[in-house]
**Q** 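Got a structure for you, written out below as structure tokens; questions coming shortly.
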Amino acid sequence: MNPATTRRLHIERLELDLRGLDPAAAEAAVRQLGPALARALAAGGATASPAHMLDAGTIASPARPAPDTLAGDIAKSLARRIQESTP
């Protein structure tokens, strides 16, 4: 990767409410969230400006989602909000 094109996104705190999901699936999804978010941001060509707080909203999910699907859905929602916050 070319250092000149490397982008960094600093997330100080991320709060996820995964109530009602199978705990093992929720934990697995959270572990996959970083790479999923990187892919979602790369796909959208996002750049981010500083923002105090972003609300990624609600994601409808079955009680036993596949962890990679859940991570991808969360990442897409976050990426969309990051892109919307960019002036």
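Atom set for the values below is all heavy atoms of this structure, side chains included, hydrogens, waters and symmetry mates excluded. Note that the structure is a prediction, hence the values are computed from the model and not measured.
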**Q** List the residues meeting side-chain contact (heavy atoms from CB on, under 4.5 Å) with Ala38, not counting sequence neighbours, and say none if there are none.
**A** none
**Q** Considering all heavy atoms of both residues, which atom of Ala75 and which atom of Ala40 are nearest to each other, and what is their separation?
**A** O-CB, 3.9 Å
**Q** How long is the span from the CG atom in Leu16 to the CG atom in Leu78, to the nearest 0.5 Å?
**A** 7.5 Å
**Q** Do you know the tightest heavy-atom contact between Leu37 and Ala79?
**A** CD1-N, 4.1 Å
**Q** Compare every heavy atom of Ala71 with every heavy atom of Leu33, then report the nearest pair and how far apart it is.
**A** CD1-O, 3.6 Å
**Q** For Arg39, which residues count as a side-chain contact (heavy atoms from CB on, under 4.5 Å) partner, sequence neighbours excluded?
**A** Pro35, Ala36
**Q** Starting at CD of Glu27, measure out to CG of Leu21 and round the result to the nearest 0.5 Å.
**A** 13.0 Å
**Q** Under the salt bridge (charged side-chain N to carboxylate O under 4.0 Å, His left out) rule, what pairs show up with a residue in residues 65-78, not counting sequence neighbours?
**A** none
**Q** Once you round to the nearest 0.5 Å, how far does CG of Leu14 lie from CD1 of Ile74?
**A** 8.0 Å
